[in-house]
Peer 1: 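Before I ask anything, here is the structure I am working with.
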Amino acid sequence: MADIDDDYEAEQTELYALLSSLDDSSWSAPTPAAGWDVRDQVSHLAHTEEVAYDTAMGGPRSLANETGRYASGEEFTEAGCDQGRAMAPADVREWWWQAASRLRPALRGLADDVRVPWGLGMKRRSFVTARLMEHWAHGLDIRDAVGVEVVDTPRLRHVAWIGFSALPYAFGVAKVEPPAGRTLRLELAAPGGEAWT
């Protein structure tokens, strides 16, 4: 499990360094997510890291409690962005970093078989992987907005794993019946050139 925890921290540390290099005007740059700028992306990460902490640790702002306060998931998401829109860019960055720095050790301290009640529920490894994936995906949008080249890292193996692992769920949501008697094999060319199977 140490690899996912370390890679989650590395993903966030790399993003923090990028955000620390930006001037205030860059935080208003539009991202590929329609209607969101860089500040919105980071605000969303800060907001969800806080909610993730309370969800994992049994706090009052668990995902179920927080989303229940809004008419839709979109309104819940927008509330996090609204919170950040009232803050200076450096304050948004520090809000996110403090939330992330609080969540990481809390997740490291959970037993591997703990099921975090996020959505349908996830075991610890899946939950940490989902948080890493969230940071990677929003980091792509931020890099696109500010014109910073994306460099793929071996941390992507976690994103590939969770995407592959979620396929049965995705088939169910899409109401697609996988072909009977068949399995799916996924082969990816890793950033270092090796094969991930």
Side-chain angles (χ1 to χ4, degrees), residues 1-2 4-9 11-12 15-16 31 33-87 91-142 155 158-176:
M1 283 299 299
I4 184 58
D5 291 310
D6 292 346
D7 284 349
Y8 173 43
E9 184 169 356
E11 191 72 27
Q12 290 181 324
L15 181 58
Y16 185 80
T31 68
W36 277 22
D37 60 15
V38 170
R39 183 192 324 243
D40 293 330
Q41 298 273 351
V42 181
S43 298
H44 171 68
L45 289 172
H47 182 235
T48 55
E49 288 289 274
E50 288 181 338
V51 173
Y53 178 89
D54 272 15
T55 302
M57 304 310 292
R61 292 188 60 212
S62 69
L63 182 65
N65 289 343
E66 285 294 289
T67 56
R69 297 176 42 220
Y70 298 92
S72 68
E74 290 77 18
E75 285 186 21
F76 162 73
T77 299
E78 197 66 19
C81 294
D82 286 342
Q83 187 175 345
R85 289 171 185 146
M87 300 167 71
D91 293 335
V92 172
R93 184 191 65 225
E94 293 309 309
W95 170 34
W96 162 67
W97 188 246
Q98 291 305 314
S101 297
R102 181 180 181 219
L103 179 59
R104 285 191 310 266
L107 294 180
R108 281 185 190 266
L110 292 178
D112 292 344
D113 61 350
V114 165
R115 194 161 187 85
V116 178
W118 189 272
L120 297 176
M122 298 183 196
K123 285 196 174 175
R124 187 185 101 77
R125 180 180 187 86
S126 295
F127 188 64
V128 177
T129 304
R131 298 310 305 154
L132 183 153
M133 179 185 67
E134 181 94 349
H135 283 80
W136 167 75
H138 288 288
L140 291 179
D141 282 352
I142 292 166
R155 295 189 297 269
H158 303 296
V159 177
W161 173 81
I162 200 167
F164 183 79
S165 299
L167 282 172
Y169 172 75
F171 282 135
V173 169
K175 296 181 177 37
V176 172

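As the structure is a prediction and not an experimental result, all values here were calculated from the model. Worth knowing before you read on, the calculation uses all heavy atoms, side chains too, and leaves out hydrogens, waters and symmetry mates.
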Peer 1: Is there a donor-acceptor pair under 3.5 Å between the side chain of Thr31 and the backbone N or O of Asp141?
Peer 2: no
Peer 1: Looking at Val51 and Ser62, what are the two nearest heavy atoms and their distance?
Peer 2: CG1-C, 3.9 Å
Peer 1: Hey, what do you get for CD (Gln41) to CD (Glu134), rounding to the nearest 0.5 Å?
Peer 2: 9.5 Å
Peer 1: Whether Lys123 and Asp112 form a salt bridge (side-chain N of Lys/Arg under 4.0 Å from carboxylate O of Asp/Glu) is what I want to check.
Peer 2: no
Peer 1: Under a 4.5 Å cut-off applied to non-hydrogen side-chain atoms, are Trp36 and Glu78 in contact?
Peer 2: yes
Peer 1: Would you give the length of the straight line joining atom SG of Cys81 to atom NE2 of His47, rounded to the nearest 0.5 angstrom?
Peer 2: 9.0 Å
Peer 1: Can you list the steps and then say if Met57 with Leu110 is a side-chain contact (heavy atoms from CB on, under 4.5 Å)?
Peer 2: CA-CA 9 Å; Met57 304 310 292; Leu110 292 178; 4.2 Å; yes
Peer 1: Using 0.5 Å steps for rounding, measure from the OH atom of Tyr8 to the CZ atom of Arg108.
Peer 2: 10.5 Å
Peer 1: Hey, could you give me the CD1/CG distance between Ile142 and Leu45, rounded to the nearest 0.5 Å?
Peer 2: 6.0 Å
Peer 1: Provide the closest heavy-atom pair for Gly119 versus Leu63 in the form atom of the first, atom of the second, distance.
Peer 2: N-CD2, 3.7 Å
Peer 1: Supply the atom-to-atom distance Glu9 CD to Arg155 CZ, rounded to the nearest 0.5 angstrom.
Peer 2: 11.0 Å
Peer 1: Let me see the working for His44 and Trp96 under side-chain contact (heavy atoms from CB on, under 4.5 Å), right down to the final yes or no.
Peer 2: CA-CA 9 Å; His44 171 68; Trp96 162 67; over 6 Å; no
Peer 1: Is a donor on one side and an acceptor on the other found under 3.5 Å between the side chain of Arg124 and the backbone of Leu107?
Peer 2: yes
Peer 1: If I compare all heavy atoms of Ser165 with all of Pro168, which pair ends up nearest, and what's the gap?
Peer 2: O-CD, 3.3 Å
Peer 1: What I'd like to find out is whether the side chain of Glu50 reaches to under 4.5 Å of the side chain of Trp95, using heavy atoms alone.
Peer 2: yes
Peer 1: For a salt bridge (charged side-chain N to carboxylate O under 4.0 Å, His left out) with Arg85, tell me which candidate from Asp91, Asp37, Asp40 qualifies.
Peer 2: Asp40
Peer 1: Could you tell me whether the side chain of Arg61 and the main chain of Asp54 form a donor-acceptor pair under 3.5 Å?
Peer 2: no
Peer 1: Decide yes or no for Glu49 and His135: does some side-chain heavy atom of the first lie under 4.5 Å from some side-chain heavy atom of the second?
Peer 2: yes
Peer 1: Looking only at non-hydrogen atoms, find the nearest pair between Gly80 and Ser43 and report the distance.
Peer 2: O-CB, 3.5 Å
Peer 1: Taking the side chain from Arg131 and the backbone from Arg104, do they hold a donor-acceptor pair closer than 3.5 Å?
Peer 2: no
Peer 1: Compute the centroid of each ring, for His158 and then for Trp136, and state whether the two points are separated by less than 6.0 Å.
Peer 2: no
Peer 1: Side-chain contact test, heavy atoms from C-beta onward, threshold under 4.5 Å: evaluate it for Phe127 versus Pro117 and give yes or no.
Peer 2: no
Peer 1: Taking atom OH of Tyr169 as the centre, report whether more than 12 heavy atoms of other residues, nucleotides or ligands fall under 6.0 Å from it.
Peer 2: no
Peer 1: For the CH2 atom of Trp161 and the CG atom of Leu132, what is their distance to the nearest 0.5 Å?
Peer 2: 11.5 Å
